[in-house]
Amino acid sequence: MKTGQLRYDIDEFIKNLTSQLVSWRRKFHQYPEIGWMEYVTTYYIAKELESMDYKLAIGTDALMTKQRMGIPEQQLLKESEERARRKGVPPNYMTKLAGGHTGLVAQWDTGRPGKHIALRFDIDALPIEEVYEHAHLPVKEGFQSQNQGWMHACGHDGHIAIGLGLAHMIKHFQDSLSGRFTLLFQPAEEGGRGALPMVKNGWLDDVDEFISGHIGIHSLSIGEVAATTNQFLASSKINVTFKGRAAHAGVEPEKGQNALLACATASLQLQGISRHSGGTTRINIGKLEAGSGRNIIADQGRMEIETRGENDELDQYMFNEAKRMIHATGDMYGVQTKMEVVGHAIDGTCDNEWVKRVEKVASQSKCIKNVHPVLPLGASEDVTYMMKKVQNNGGKATYLIFGTPLVNGHHHQAFDFDERVLPIAVEVLGRLIIYLQDEK
């Protein structure tokens, strides 16, 4: 089959695949798992890919252990692993995934000379309690989160479905394709933790073309696609611990060293960091925990914060200022201060060639209605480590946005997307792969 004919056969393939895409999405939505604890998620993905004879790398074969950041505490990992065993993940998989070695890499080699094309799909969820309201589609249709306190509130359940759909497309049309394909199902995107360990294991070393993307971001109509993305914000994720001294709040308060006040003061002072004239900067305190009782001077305080900048230098500025204020606050209250960087993302850019490429494949589609040359991300994504690795080696990279209406934004307890975006995303990626077969 020539690639020209293949372009038209995609329509029928996508039509037949659509119900399966929805089924996959809902399956993964029901069982969300947060970063480095995606045990069941990884197993489900692996079983589907194994059935298609993909070559899989799992565990330490997929990522470099020492490059991981923000690993959950051992007790949380053990609890998550026990849930996975109860969910039916067999011992041979648990051995590979143990200790938070989640995610996988799938490879397909056509055996014919051609480009090496890599695509990345993130798989983790968020520590958010999903809303339980009948108007919320996952509740209405009975596929809401079964893991209390965790939710797919950013569309990664859809990204997994898209990745599996593309894997089926590559398998189905294998005789018409050339070169090699690497599909990276990345753990721990939230918090900027999972991409670099995969990069360091060499998966992007000889890639010619790299594609990733995201459902939503902007509220768009079904059929709208962004060919490239800009405004990737560099970001540092930081855990801060203040250790003070407990004391009776009534009998001898002067003997206490108040870690709670250190946390509270730092959270306010951090908001006062001067924004930089060189570009966009951000800081957020997302979590604060301190104290143990109303009549006890708090001896422990903990914050989870993040800085962001329009580029790496601006994020470093915010990080340095935050560090200075945090340690100064600790000194003010006489408490010990500890800062730990648990995640990081760098800035990034897409290659302009992808605009022409996406516009070309859109002209062959009945479903792609509008192509935006570029749309802003305005957030952080550790996929930039993968993009820069490919670009530094002479390859081309892009980050697409797949349009869907959004009633509630990302990271909201009632986040959802229009499932009609799933087949469109697979079609865009599939047609791009075909286009790249003939591109000189």
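These values consider heavy atoms only, across backbone and side chains, with no hydrogens, waters or symmetry-generated copies.
- Arg83 meets the side-chain contact (heavy atoms from CB on, under 4.5 Å) test with Tyr31, Glu79, Ser80, Arg86, Trp150; sequence neighbours excluded.
- Residues meeting the salt bridge (Lys or Arg N to Asp or Glu O under 4.0 Å) test with Glu321, sequence neighbours left out: Arg324.
- With Asn201 contributing its side chain and Thr60 its backbone, the two residues share a donor-acceptor pair below 3.5 Å.
- Checked against the 6.0 Å centroid criterion, the rings of His410 and His214 qualify as a close aromatic pair.
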Audit row: Arg120, Glu381, salt bridge (Lys or Arg N to Asp or Glu O under 4.0 Å) steps and yes/no | CA-CA 12 Å; Arg120 177 276 217 161; Glu381 245 282 15; 2.7 Å; yes
When the side chains of residues 89-99 are checked against the rest of the protein, which donor-acceptor pairs come out under 3.5 Å, sequence neighbours left out?
residue: Tyr93; atom: OH; partner: Glu50; partner atom: OE1; Å: 3.0
residue: Tyr93; atom: OH; partner: Glu50; partner atom: OE2; Å: 2.4
residue: Thr95; atom: OG1; partner: Pro91; partner atom: O; Å: 3.0

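- Crowding of Lys171 atom NZ: a count of heavy atoms from other residues, nucleotides or ligands under 6.0 Å exceeding 12.
- For the residue pair Ser145 / His152, no side-chain donor-acceptor distance below 3.5 Å is found, with atom types taken as modelled.
- Donor-acceptor pairing under 3.5 Å is lacking for the side chains of Gln316 and Asp312.
- Remark: Leu21 CG to His168 NE2 distance equals 9.0 Å, nearest 0.5 Å.
- In this model, a donor atom of one side chain and an acceptor atom of the other lie less than 3.5 Å apart for Ser235 and Lys237.
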Walk me through it: do Asp124 and Asp122 pass the test side chain to side chain contact (heavy atoms under 4.5 Å, CB included)?
-> CA-CA 6 Å; Asp124 56 325; Asp122 39 6; 4.2 Å; yes
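- Listed by chain and residue number, Cys350, Trp354, Val355, Val374, Thr398 satisfy the side-chain contact (heavy atoms from CB on, under 4.5 Å) test with Thr228 (two or more places apart in sequence, or in another chain).
- Contacts of Ile296 classified as side-chain contact (heavy atoms from CB on, under 4.5 Å), with partners at least two apart in sequence or in another chain: Ala246, Ser292.
- A donor-acceptor contact closer than 3.5 angstrom links the side chains of Tyr333 and Thr265.
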Worked check of side chain to side chain contact (heavy atoms under 4.5 Å, CB included) between Phe185 and Leu49 | CA-CA 11 Å; Phe185 289 86; Leu49 293 167; 3.8 Å; yes
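- Judged purely by distance below 3.5 Å, without hydrogens or angles, the side chains of Asn147 and Glu33 never pair a donor atom with an acceptor atom.
- Residues Glu130 and His136 have side chains that bring a donor and an acceptor to within less than 3.5 angstrom of each other.
- When all heavy atoms of Thr102 and Pro187 are compared, the pair lying nearest together is O-CG, 3.2 Å.
- Taking a 6.0 Å sphere around NZ of Lys200, one finds it holds 12 or fewer heavy atoms contributed by other residues, nucleotides or ligands.
- Between the side chains of His276 and Glu310, no donor-acceptor pair of N or O atoms lies under 3.5 Å.
- Residues Thr307 and Asp315 bring a donor and an acceptor atom of their side chains to less than 3.5 Å of each other.
- Pairs passing the salt bridge (charged side-chain N to carboxylate O under 4.0 Å, His left out) check and including a residue from residues 254-278, sequence neighbours excluded, read Glu252-Lys255.
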